[in-house]
Each structure stands twice: as C-alpha cells, then as structure tokens.
Engineer: 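My questions will all concern the structure given below.
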Amino acid sequence: MYYRLSPILVILFLSVTSACAQKNPVSKEIPEFTFFNVNNDAPFTRNNLASNGKNIVFLFFDPGCSHCQQEVLALGKNYNNLKDINLYFVAMQEKNLINAFMAMYGGELKGKKNVVLLQDKNYEFIGKFKPTQYPAVFVYGANKQLKSYWDGEKKVEDIIKALNM
C-alpha cells in the first residue's frame with residue numbers, strides 16, 4: 001500500500017534532516033539502499049549500480065519542485081555532455097507523478113541507457129544520503145566514494161563540470 005506524502009510533511013522531514021545533517025554529514029560512500037525501478041517496479045539496490053568505471057550520480061528530486069524541473073530540463077538539453085556518467089534520478093512520490101515529471105521535463109533523458117528512474121517507496125533516501133533540500137545531487141566515483149555533493153540550484157555549466165570530474 002502506498003501513501004502520498006503531504007508537502008508539509010516533506011518540508012518538516014527535510015527541515016529535521018537538515019538539522020541532523022549538521023551532526024551527521026553526507027556519507028563518503030554510497031550507502032546500502034533499496035529503491036524501485038519505475039519502469040518495472042523491480043527492487044534496485046547498491047549492487048545494481050553500473051560498474052562500468054564511470055561516475056555514479058544520484059539526483060534526488062520532487063516532481064513539484066520548480067528548481068528540480070528546471071535542472072532536469074537543462075540536463076536533458078545538455079545530454080551530450082552526460083553520456084559518460086551513470087545517472088540515477090530518485091523521488092519519493094508515486095510512479096504516476098514521477099513519470100509525468102520525466103515526460104514533461106526530462107523527456108530528452110528518458111530511455112537513455114545511462115539514465116535510471118527510481119522510486120523511493122520506503123523513504124530511505126533522506127535518512128541514508130542526508131540531503132537538506134531539493135534538488136540534491138550526489139556525485140560518486142566508480143569506486144563508490146563521494147566526489148561532490150550539493151543541494152539546491154546550480155548553473156547547468158557547473159553541474160556538468162562537477163558530474164564529469
């Protein structure tokens with residue numbers, strides 16, 4: 001059974017997480033997790049991450065977040081600069097909202113071999129990755145060690161540079 005998170009609950013949760021993040025910094029290694037592939041509802045864990053020697057990037061988003069919408073739209077327009085990284089888009093909302101978001105803002109990314117759309121049904125992402133706001137981007141190397149992390153808006157040129165470093 002799935003429940004829809006109210007915006008107030010999400011804001012409260014992110015606020016509490018933000019306060020805790022100051023005590024518990026972002027993990028330096030990709031934590032264990034179980035998300036679900038939006039396309040086939042199959043469980044997706046740390047073991048399913050691509051092992052092709054390329055950067056692993058998690059973009060945590062909310063379909064209603066205007067900053068997330070603009071960031072994904074900009075990334076899609078610059079896909080040629082993202083072909084050599086593994087992109088994992090993660091959201092806690094229902095599949096229909098995630099798919100509608102990608103259809104509207106991430107259409108140029110949808111169906112790309114290196115782009116995976118994941119649903120966080122168990123609400124693990126915030127507790128394990130420790131973002132403080134949307135969108136949150138975590139860049140890990142092929143060794144699963146953190147290279148870069150940021151919350152909120154960033155210029156697309158800076159994002160592309162950080163994703164490919």
Engineer: Quick one: does any side-chain atom of Q119 pair with a main-chain N or O of Q93 as donor and acceptor, under 3.5 Å?
Structural biologist: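 Yes.
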Engineer: Kindly indicate whether the side chain of P31, heavy atoms from C-beta on, has any atom under 4.5 Å from the side chain of R46.
Structural biologist: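 A side-chain contact is absent here, since even the closest heavy-atom pair is not under 4.5 Å.
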Engineer: Taking the ring centre of each residue, are F125 and F138 less than 6.0 Å apart?
Structural biologist: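 F125 vs F138: aromatic centres under 6.0 Å.
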Engineer: Only one of L118, L59, V116 forms a side chain to side chain contact (heavy atoms under 4.5 Å, CB included) with F89, so which one is it?
Structural biologist: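 Result: among L118, L59, V116, L59 is the only option passing the side chain to side chain contact (heavy atoms under 4.5 Å, CB included) with F89.
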Engineer: Can you tell me how far the OG atom of S51 sits from the CG atom of N143, to the nearest 0.5 Å?
Structural biologist: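 Reported value, rounded in 0.5 Å steps: 13.0 Å.
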Engineer: Looking at every heavy atom in both K130 and P25, which two are closest together, and how far apart are they?
Structural biologist: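 Nearest pair, atom of K130 first, then P25: CD-O, 3.7 Å.
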Engineer: As a quick check of understanding, evaluate side-chain contact (heavy atoms from CB on, under 4.5 Å) for N99 and V38, giving each step before the final call.
Structural biologist: CA-CA 8 Å; N99 282 324; V38 170; 3.2 Å; yes
Engineer: Measuring from K161:NZ to K154:NZ, what's the distance to the nearest 0.5 Å?
Structural biologist: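 Rounded to the nearest 0.5 Å, the NZ-NZ separation comes out at 9.5 Å.
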Engineer: Strictly by modelled atom types, are N52 and N86 linked by a side-chain donor-acceptor pair under 3.5 Å?
Structural biologist: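 Short answer, yes.
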Engineer: Run the side chain to side chain contact (heavy atoms under 4.5 Å, CB included) test against K155 and tell me which residues pass, sequence neighbours left out.
Structural biologist: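 Counting only residues at least two positions away or on another chain, K155 forms a side chain to side chain contact (heavy atoms under 4.5 Å, CB included) with E157, D158.
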Engineer: Using the side-chain contact (heavy atoms from CB on, under 4.5 Å) rule, take L117 and Y88 through it: C-alpha gap first, then chi angles, then the decisive distance, then the call.
Structural biologist: CA-CA 6 Å; L117 193 55; Y88 299 94; over 6 Å; no
Engineer: Output yes when a side-chain donor or acceptor of K121 lies under 3.5 Å from a complementary backbone atom of F36, and no otherwise.
Structural biologist: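 Not a single qualifying donor-acceptor pair exists.
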Engineer: Applying the 4.5 Å side-chain criterion to the ILVMFWY set and letting contacts propagate, would L49 and Y149 be lumped into a single cluster?
Structural biologist: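 Linked, L49 and Y149 end up in one cluster.
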Engineer: When you measure from the side chain of N55 to the backbone N and O of I85, does any donor-acceptor pair fall under 3.5 Å?
Structural biologist: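 Between the backbone of I85 and the side chain of N55 there is no qualifying donor-acceptor contact (under 3.5 Å).
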Engineer: Checking N48 side chain against T45 main chain: does a donor-acceptor pair fall under 3.5 Å?
Structural biologist: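 Yes; judged by distance alone, with no hydrogens or angles, the pair exists.
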Engineer: Given side-chain contact (heavy atoms from CB on, under 4.5 Å), test L82 with N80 step by step and report yes or no.
Structural biologist: CA-CA 5 Å; L82 306 174; N80 285 336; over 6 Å; no
Engineer: Is the cationic atom of K112 (NZ for Lys, CZ for Arg) positioned less than 6.0 Å from the six-membered ring centroid of Y79 and within 45 degrees of its normal?
Structural biologist: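 Positive - K112 is close enough to the ring of Y79 and near enough to its axis.
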Engineer: Do V72 and W150 share a hydrophobic cluster, counting only Ile, Leu, Val, Met, Phe, Trp and Tyr and linking them when any side-chain heavy atoms are less than 4.5 Å apart?
Structural biologist: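 Result: yes, single cluster for both.
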Engineer: Looking at K144 and E29, does any basic side-chain N land under 4.0 Å from a carboxylate oxygen?
Structural biologist: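 Looking at K144 and E29, the cut-off is not met.
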Engineer: Do any pairs count as a salt bridge (charged side-chain N to carboxylate O under 4.0 Å, His left out) and have a residue in residues 64-86, sequence neighbours left out, and if so which ones?
Structural biologist: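 Every pair satisfying salt bridge (charged side-chain N to carboxylate O under 4.0 Å, His left out) with a residue in residues 64-86: K54-D84.
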Engineer: Calculate, to the nearest 0.5 Å, the distance between atoms CE and CG belonging to M102 and L97 respectively.
Structural biologist: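 CG of L97 is found 14.0 Å from CE of M102.
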Engineer: Evaluate the side-chain proximity of P131 to I126: yes if any heavy-atom separation is below 4.5 Å, no if none is.
Structural biologist: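 Counting from C-beta outward, I126 and P131 do come under 4.5 Å.
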Engineer: What do you reckon, are the aromatic ring centroids of F129 and F58 less than 6.0 Å apart?
Structural biologist: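 Aromatic pair counts; centres sit under 6.0 Å.
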Engineer: Please say yes or no: joined through hydrophobic side-chain contacts below 4.5 Å, possibly via intermediate residues, are L75 and V115 part of one cluster?
Structural biologist: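 Yes, L75 and V115 fall within the same hydrophobic cluster.
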Engineer: Return yes if some donor-acceptor pair links the side-chain N/O of D120 with the main-chain N/O of A91 below 3.5 Å, else return no.
Structural biologist: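 Side chain of D120 to backbone of A91, a donor-acceptor pair under 3.5 Å: no, none is there.
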Engineer: E124: which residues meet the salt bridge (charged side-chain N to carboxylate O under 4.0 Å, His left out) condition with it, sequence neighbours left out?
Structural biologist: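 Testing E124 for salt bridge (charged side-chain N to carboxylate O under 4.0 Å, His left out), a comparison that skips the adjacent residues, returns K128.
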Engineer: Side-chain contact test, heavy atoms from C-beta onward, threshold under 4.5 Å: evaluate it for Y140 versus V57 and give yes or no.
Structural biologist: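 No; the side chains remain at least 4.5 Å from each other.
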Engineer: Look up atom CG in D62 and atom CD in Q69, then write down how far apart they are to the nearest 0.5 Å.
Structural biologist: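 Answer rounded to 0.5 Å: 8.5 Å.
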Engineer: With hydrophobic residues grouped by side-chain heavy-atom distances under 4.5 Å, do I56 and F35 end up in a single group?
Structural biologist: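 Per the 4.5 Å side-chain linkage, I56 and F35 are co-clustered.
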Engineer: Are L87 and F61 linked, directly or through other ILVMFWY residues, by side chains that come within less than 4.5 angstrom of each other?
Structural biologist: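 L87 clusters together with F61.
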Engineer: Working to the nearest 0.5 angstrom, can you tell me the gap between N37 CG and N40 CG?
Structural biologist: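 If we round to the nearest 0.5 Å, N37:CG and N40:CG are 4.0 Å apart.
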Engineer: Are any non-hydrogen side-chain atoms of C65 and P135 less than 4.5 angstrom apart?
Structural biologist: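 A side-chain contact exists here, since the closest heavy-atom pair is under 4.5 Å.
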Engineer: Is the shortest side-chain heavy-atom distance between L146 and V139 below 4.5 Å?
Structural biologist: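 No, every pair of side-chain atoms sits at 4.5 Å or beyond.
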Engineer: Measuring from L109:CG to N114:CG, what's the distance to the nearest 0.5 Å?
Structural biologist: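 So the gap between those two atoms works out to 8.5 Å.
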Engineer: Compute the centroid of each ring, for F60 and then for Y134, and state whether the two points are separated by less than 6.0 Å.
Structural biologist: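 Yes, the ring centres sit under 6.0 Å apart.
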